[in-house]
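Data block below; observations after.
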Amino acid sequence: MAQTKFDKQVEETAESLVIGIGRILAGRDMDGVKRTDATFWRPGTRVLPKVEGRVRRRSYRAGWQRLSFRLAVGAGVTEGGYLLGRDPEATAQTAHDLWANRDQAVAALETGGIGAASALAVGSAAYMVLTRERRELMREWVIPLHEALHRPLGYAEQTDPRRYLHIPKTFSDDDAEIRVDLPTSLAFSRDVVADLITQKLALEGVTFSWHPAGAKPYVLVKKTRRPPAKAPFKDPKVRELVAKAPESAPVIGIGVGGRVISVDLDAESPHILVNASTGGGKSVTLRCIACQMLRHGSRVFVLDTKRISHPWASGLPGVTYCRDIADIHDQLIALGLEGRRRTRIADDLGIDADPKAIGPRLLILLEEVNATMKQLARYWEKTRESGDPKTSPAVDALNEILYMGRQLRMHVLLVAQSATARALGGPEVREQFSTRILARYSVNAWRMLAPEVHPAPKSTKHHGRAQVVSGGSARETQVLFFTEAEARQWATTGNKAAPAAAAQPGPVQLHKPPADSLTDAWDTTTPELPPATEPTVNQDLVADAWNHPRAPAVAPAAAPADPTATTTATSPAAPTPADDDQAVGLRQAADHHLPGITLNALRFARANDPAFPPPAGKRGAELLYRVGDLKKWARNRPRAATGTTDLD
């Protein structure tokens, strides 16, 4: 039997009625178009792709909210109809009375209409006044930000910006907090989003806290509270903080809210990298750390090709100051050998031993690594002999110290204007510096040294202001400022470094062996002692002296004669001392060993220069000095730097 047209209409009407009831109960739009990502229990935050036209506010509401509103309206209409239909006679009588007294009714309606219109006007005016700031916020800030952000975040242009941009009216205040809801896909660039937020809202000095986990990712934007403008050591509060600092965690500076910024060399980072352009306070930062370490008994080795970076440390007990590239080369090798010795001691002591039993803490201040590395390479090219490795043993020693770790109590504070992988010897070397202090940095320098922290905080030229990067976060810090006199005074009070070093075995003194022995010692990991029957001294004895903790600091001048050995007529009775081992007076040193330095200059230096070597003996009333010590002092004496240290 064919279906009639009437039956089809009835069927379509019933189907539409069922679908309409289902949409009402589901809280969806009546036309069936899903415009937002709202669900029955969760309100929407964005418009779905390919949705055209304006999206009304009700489309963002959760389904249960829309269902509740529809049920309330339906109940009101039903109740009104029920009241009207319950007593039709009374309703008809009321209508008849209104018609009979229509003049009075019209007058009453006019009065009521005027009152309602007045109330509506007053309410509208009050609403406009009360929401003026909110409308201005939307017009001036929120909507422009939405127009800039919706494409990078992947939102539709029709999305209501109030659904994902939570910007308070006082967003420019110091304690304000801005929240931006992010898409769950996270398919956007954080740098682009952060730049757009700061530019469109005209923000300066803000931090971004990203929370990508979960079903509702978001980012919080807060204004950064600045550290103090200055942090002088002469301030009693700052001095008290420095005095309370542990031996292994010197204070670097003061952060936000008076927070003490320090790095624990035993627990967090054994080595520190300081990267800053000219005038960024590199030497001030190292002075701050080194004087605190000296106070607690550490030994400090200043390797300074600029010669005049740390005049406050020259001649201090416990400080070895190397200015000449040859002495820097030899000192690095000696420090590398000391690290190997400490490795063996740590292995013998075991895991439960006192860390101080390995020896005093050693702090290596390597100034201007960009120029120093080039000079070390040039120096080795000129001095190495056939069969020597191409890479400078001093560079190898430095790399080995960086890889040794915190257990050996040897720490490198490296200073660079541009700490590139090429300057440091490779990217793996740069990774040994888990704590990095950056000041007056460029965008490229930040991306190179702290890529895990983004967006990069804006660099500032404020004196003493730096970013201390550690553990994936950057802390803005006002570095403590010690004057040279304050640093020298603070370093010489408290524990003394020199007695502590003297109590240790010979290698802690780190005397410089001959250059050829240093090379052999670095290349030979397990040197052998010479046979007892040999009448001469093996040069590797110097290296062996470093490899054994109880060995003397320097090799003896001559080996004892073997009673069973035979001698020839041409063999000398006793070896003559080397030129550098002679003990001479100042006049003889000025005439024959130190060209360019007068006797008066030597006498003046003996009386005024704390780094002048001590006498090695006396001849009558005349003090005698070792020639090698005088030559080393002459090479490393402080004087104005000339030219540039960049060999390129």
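Owing to the predicted nature of the structure, the values given are computational and were not obtained by experimental measurement. Numbers for residues simply follow the sequence, beginning at 1. Heavy atoms only: backbone and side chains are in, while hydrogens, waters and symmetry mates are out.
For the ring-ring contact (aromatic ring centres under 6.0 Å, His included) test, no residue two or more places apart in sequence or in another chain qualifies with His463. Under the salt bridge (charged side-chain N to carboxylate O under 4.0 Å, His left out) criterion, Arg139 pairs with no residue, sequence neighbours left out. Partners of Arg430 by salt bridge (charged side-chain N to carboxylate O under 4.0 Å, His left out), not counting sequence neighbours: none found. A search for salt bridge (charged side-chain N to carboxylate O under 4.0 Å, His left out) contacts involving Lys200 returns nothing, not counting sequence neighbours.
With contacts defined as side-chain heavy-atom distances shorter than 4.5 Å, the pair Leu413/Ile364 does not qualify. Proximity of His411 to Ser298: side-chain heavy atoms (C-beta onward) are nowhere separated by under 4.5 Å. Annotation: side chain of His296 is not in contact with side chain of Arg361 (no heavy-atom distance under 4.5 Å). Within the 4.5 Å cutoff, side-chain heavy atoms of Met138 are placed close to those of Pro161. Side-chain contact between Pro183 and Leu153 is present, with at least one heavy-atom pair separated by less than 4.5 Å. Taking 4.5 Å as the limit, some side-chain heavy atom of Ile167 sits within range of a side-chain heavy atom of Leu201. When side chains are defined from C-beta on, Gln417 does not count as touching Val369, because their heavy atoms never get closer than 4.5 Å. Side-chain contact check for Val193 versus Phe208: every heavy-atom pair is 4.5 Å or farther apart.
Among residue pairs with one or both ends in residues 435-452, those qualifying as side chain to side chain donor-acceptor pair (under 3.5 Å) are Ser269-Thr435; sequence neighbours excluded. Counting only residues at least two apart or in different chains, side chain to side chain donor-acceptor pair (under 3.5 Å) contacts with residues 184-193 are absent.
Interatomic distance, Phe482 CZ to Cys288 SG, rounded to the nearest 0.5 Å: 5.0 Å. Taking CH2 of Trp64 as the reference point, atom OG1 of Thr39 lies at 11.5 Å (rounded to 0.5 Å). In this structure, Thr420 OG1 and Met448 CE are separated by 6.0 Å, a value rounded to the nearest 0.5 Å. For the atom pair CD1 (Ile178) and CH2 (Trp141), the distance works out to 10.0 Å, reported to the nearest 0.5 Å. Atom-to-atom distance recorded for Thr36:OG1 and Arg163:CZ is 8.5 Å, nearest 0.5 angstrom.
Surrounding NZ of Lys216 are at most 12 heavy atoms belonging to other residues, nucleotides or ligands under 6.0 Å away. In Trp210, the CH2 atom is crowded: over 12 heavy atoms of neighbouring residues, nucleotides or ligands sit closer than 6.0 Å. The number of heavy-atom neighbours closer than 6.0 Å to CZ of Phe40, taken from other residues, nucleotides and ligands shown, is above 12.
The two residues Gln467 and Glu476 make their nearest non-hydrogen contact at OE1-N, 3.3 Å.
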For a side-chain contact (heavy atoms from CB on, under 4.5 Å) check, start with the C-alpha distance between Ile272 and Phe433, then their side-chain angles and the critical distance, and finish with the verdict. CA-CA 5 Å; Ile272 300 175; Phe433 297 93; 5.5 Å; no
Can Phe481 and Phe233 be said to form a ring pair (Phe, Tyr, Trp, His ring centres under 6.0 Å), step by step? CA-CA 6 Å; Phe481 179 73; Phe233 177 70; over 10 Å; no
Between Leu220 and Val180, is the side-chain contact (heavy atoms from CB on, under 4.5 Å) condition met? List the steps. CA-CA 7 Å; Leu220 291 179; Val180 179; over 6 Å; no
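Judged by distance alone, the side chain of Thr477 and the main-chain N or O of Arg475 form a donor-acceptor pair under 3.5 Å. In this structure a side-chain-to-backbone donor-acceptor pair under 3.5 Å is missing from Ser434 to Glu431. Under the 3.5 Å distance criterion, the side-chain polar atoms of Glu486 are matched with a main-chain donor or acceptor of Thr483.
Ion pairing of Asp304 with Lys306 is absent here, as no side-chain N (NZ or NE/NH1/NH2) approaches a carboxylate O to less than 4.0 Å. A salt bridge is defined here as a Lys NZ or Arg NE, NH1 or NH2 lying under 4.0 Å from an Asp or Glu carboxylate O, and Glu136 with Arg132 meets this definition.
In the model, His310 has no side-chain atom that pairs as donor or acceptor with a side-chain atom of Arg287 under 3.5 Å. Side-chain contact, Tyr164 with His146: a donor N or O sits under 3.5 Å from an acceptor N or O.
Relative ring orientation between Tyr218 and His211 is described as parallel, the plane-to-plane angle staying below 30° on a 0-90° scale split at 30° and 60°.
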